[in-house]
Amino acid sequence: MNKKIFSIGSYNAGLTCKTSRVPLWGETIIGSDFSESYGGKGSNQAVAVAKLGGDATFIGCLGNDKYAEDGLKMLNNYNVDISNVKRSDRATGVGIILLNDENDNCIIVDPGANSELTPEDILYLESAISEADVVIFQLEIPLTTVKAGMEIAKRLGKKIILDPAPANEKANELLQDATIITPNETELLLLNGESADSPLSNDKYEKLARNLLSKGPEAIIVTQGGKGSLVVTQDGSEAVPPFLVDVVDTTGAGDVFTGALAVALAEGEDIVKASKFANAAGSYAVTKYEVLPGIPTKKELYEFIYKKGDYSYAKESLSEP
């Protein structure tokens with residue numbers, strides 16, 4: 001029986017448009033290739049868990065509008081447990097995604113109903129959370145709700161992954177309750193009180209990661225995009241190399257990484273092997289347009305791994321697809 005993985009966080013409808021650049025205030029420019037999609041870090045990570053063979057549950061808050069109905073239908077179709085999703089009279093959250101010519105993205109999120117998920121809601125669901133083995137949190141729901149959930153999960157002895165996005169310094173108060181934190185480069189800087197555009201050397205990566213490690217978690221995994229990832233624990237650090245791919249769309253790659261990480265950890269992998277598996281999943285994700293089509297099944301991920309070579313450990317160490 002698969003171990004249960006809970007993702008407690010956001011659902012957002014994704015509205016994407018391609019543009020050569022971001023407009024200035026007061027300026028209108030022409031974009032292209034508009035599309036609607038499913039999104040929100042909590043939902044994305046739950047779907048990633050499910051597609052990669054995990055037993056996924058999503059806990060969040062959606063509105064009573066078309067975006068909510070579409071989102072719940074999608075989650076159900078991917079076999080994500082939605083029995084504990086809350087509904088609200090507020091509009092379902094929306095993420096507005098701009099993609100440039102290099103397929104980098106910037107995102108504006110209107111949380112909408114996500115803001116209605118309260119600490120009291122999480123406390124009410126403590127018995128459900130007690131069934132989980134791994135619990136994932138992000139920062140697109142109220143910080144007080146994340147804190148309450150993490151405290152409950154820690155008290156229950158669960159493995160807790162914190163994806164600190166969107167990052168701010170206030171999130172530092174959550175670190176003591178996390179098992180693993182997965183910041184990207186920008187989030188690593190912001191959590192350390194530095195400017196998001198500060199230069200990062202290899203030594204600085206580890207120094208900043210160790211600063212976060214000193215606040216309570218067992219491991220920091222810095223996701224570095226096309227450069228791979230860096231695993232930092234009390235025992236040392238290890239750089240996890242990237243897969244070389246043609247990047248199509250980076251949207252949601254971090255969510256795929258986190259979902260894959262949770263699956264590998266739930267199946268008993270150590271932190272480095274789990275990170276390698278997650279790195280492969282994140283690399284696969286950027287070769288596809290939009291988030292959900294970029295999430296591989298376990299079979300698709302193994303095929304990708306073998307085509308890229310030198311990652312035979314994955315099939316040996318994780319359950320068969």
Side-chain angles (χ1 to χ4, degrees), residues 1-9 11 37-60 74-82 131-138 158-163 179-180 182 221 223 228-229 231 240 242-243 245 249-308 311-321:
M1 179 182 295
N2 287 347
K3 293 186 176 180
K4 292 182 179 292
I5 301 171
F6 279 40
S7 178
I8 301 178
Y11 174 82
S37 60
Y38 310 104
K41 298 187 73 63
S43 172
N44 289 345
Q45 291 171 15
V47 173
V49 168
K51 287 191 72 173
L52 285 163
D55 185 342
T57 292
F58 172 65
I59 294 175
M74 175 276 296
L75 287 164
N76 187 61
N77 287 342
Y78 280 114
N79 296 316
V80 175
D81 184 341
I82 55 173
E131 299 175 0
D133 296 279
V134 179
V135 187
I136 310 170
F137 294 90
Q138 319 82 25
K158 308 305 178 184
K159 192 180 295 290
I160 301 167
I161 300 173
L162 175 62
D163 177 3
T179 311
I180 298 165
T182 59
I221 304 174
T223 59
S229 58
V231 179
V240 180
F243 287 85
V245 296
D249 182 359
T250 60
T251 309
D255 296 334
V256 180
F257 179 98
T258 300
L261 179 72
V263 169
L265 292 170
E267 295 190 8
E269 282 303 334
D270 65 50
I271 189 70
V272 172
K273 284 190 176 180
S275 299
K276 290 176 179 177
F277 183 73
N279 229 37
S283 296
Y284 178 99
V286 301
T287 66
K288 310 290 183 182
Y289 280 112
E290 298 185 355
V291 180
L292 300 192
I295 301 173
T297 63
K298 192 173 283 187
K299 182 176 185 295
E300 288 169 338
L301 186 56
Y302 287 147
E303 289 173 351
F304 172 80
I305 288 170
Y306 293 136
K307 285 179 181 178
K308 293 296 179 181
Y311 277 83
S312 60
Y313 61 80
K315 191 168 184 178
E316 295 171 357
S317 56
L318 288 168
S319 299
E320 294 290 327

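Nothing here was measured: the structure is a model prediction, and the numbers come from that model.
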>> Nearest 0.5 Å, please: how far is OG in S37 from OH in Y289?
In response: 14.0 Å

> Hey, are the side chains of I161 and L265 touching, using non-hydrogen atoms and a 4.5 Å cut-off?
Replying inline: yes

>> Counting C-beta onward and ignoring hydrogens, is there a side-chain heavy-atom pair between L292 and K51 closer than 4.5 Å?
In response: no

> To the nearest 0.5 Å, how far apart are CD1 in I221 and CG in L261?
Replying inline: 4.5 Å

> What closest approach, in Å, do V256 and A281 show between heavy atoms, and which atom pair accounts for it?
Replying inline: CG1-O, 3.5 Å

>> Holding to side-chain hydrogen bond (donor to acceptor under 3.5 Å, both in side chains), I want the full list of residues that pass it with T250, two or more places apart in sequence or in another chain.
In response: N105

> Mind checking what makes side-chain hydrogen bond (donor to acceptor under 3.5 Å, both in side chains) contact with D81, not counting sequence neighbours?
Replying inline: S83

>> Does D255 form a side-chain contact (heavy atoms from CB on, under 4.5 Å) with D163? I'd like the steps, not just the answer.
In response: CA-CA 8 Å; D255 296 334; D163 177 3; 3.8 Å; yes

> Do the side chain of S229 and the main chain of T223 share a donor and acceptor less than 3.5 angstrom apart?
Replying inline: no

> Can you tell me how far CD1 of I82 sits from CD1 of I59, rounded to the nearest 0.5 angstrom?
Replying inline: 12.5 Å

>> Rounded to the nearest 0.5 Å, what separates atom NZ in K159 from atom OG1 in T179?
In response: 6.0 Å

> Taking all non-hydrogen atoms of both residues, which atom of V49 and which atom of G259 are closest, and how far apart?
Replying inline: CG2-O, 3.7 Å

> Salt bridge between E267 and K298, side-chain N to carboxylate O under 4.0 Å?
Replying inline: yes

> Of the non-hydrogen atoms in I5 and A266, which two are nearest, and what is the gap between them?
Replying inline: CD1-CB, 3.9 Å

> Which pair of heavy atoms, one from A56 and one from A46, lies closest together, and at what distance?
Replying inline: CB-O, 3.4 Å

> Can you tell me how far CD1 of I271 sits from CD1 of I180, rounded to the nearest 0.5 angstrom?
Replying inline: 3.5 Å

> Under 30°, 30 to 60°, or over 60°: which ring-plane class applies to F304 and Y284, parallel, tilted or perpendicular?
Replying inline: perpendicular

> Hey, what do you get for CD (Q45) to CZ (F6), rounding to the nearest 0.5 Å?
Replying inline: 15.0 Å

> Taking only residues two or more places apart in sequence, or in another chain, which ones meet E303 in a salt bridge (Lys or Arg N to Asp or Glu O under 4.0 Å)?
Replying inline: K299

>> For Y38 versus Y11, what's the shortest heavy-atom pair and its separation?
In response: CD2-OH, 3.2 Å

> After noting the C-alpha distance and the side-chain angles of L75 and V47, does the key distance pass the side-chain contact (heavy atoms from CB on, under 4.5 Å) rule?
Replying inline: CA-CA 7 Å; L75 287 164; V47 173; 3.7 Å; yes

> Are side-chain heavy atoms of F257 and N279 found at a separation under 4.5 Å?
Replying inline: yes

>> When you measure from the side chain of D133 to the backbone of K4, do you find a donor-acceptor pair of N or O atoms at a distance under 3.5 Å?
In response: yes

> Which heavy atom in V245 sits nearest to a heavy atom in T287, and how many Å separate them?
Replying inline: CB-CG2, 3.7 Å

> S7 and Q138: side chain to side chain donor-acceptor pair (under 3.5 Å), yes or no, with the steps?
Replying inline: CA-CA 8 Å; S7 178; Q138 319 82 25; 3.2 Å; yes

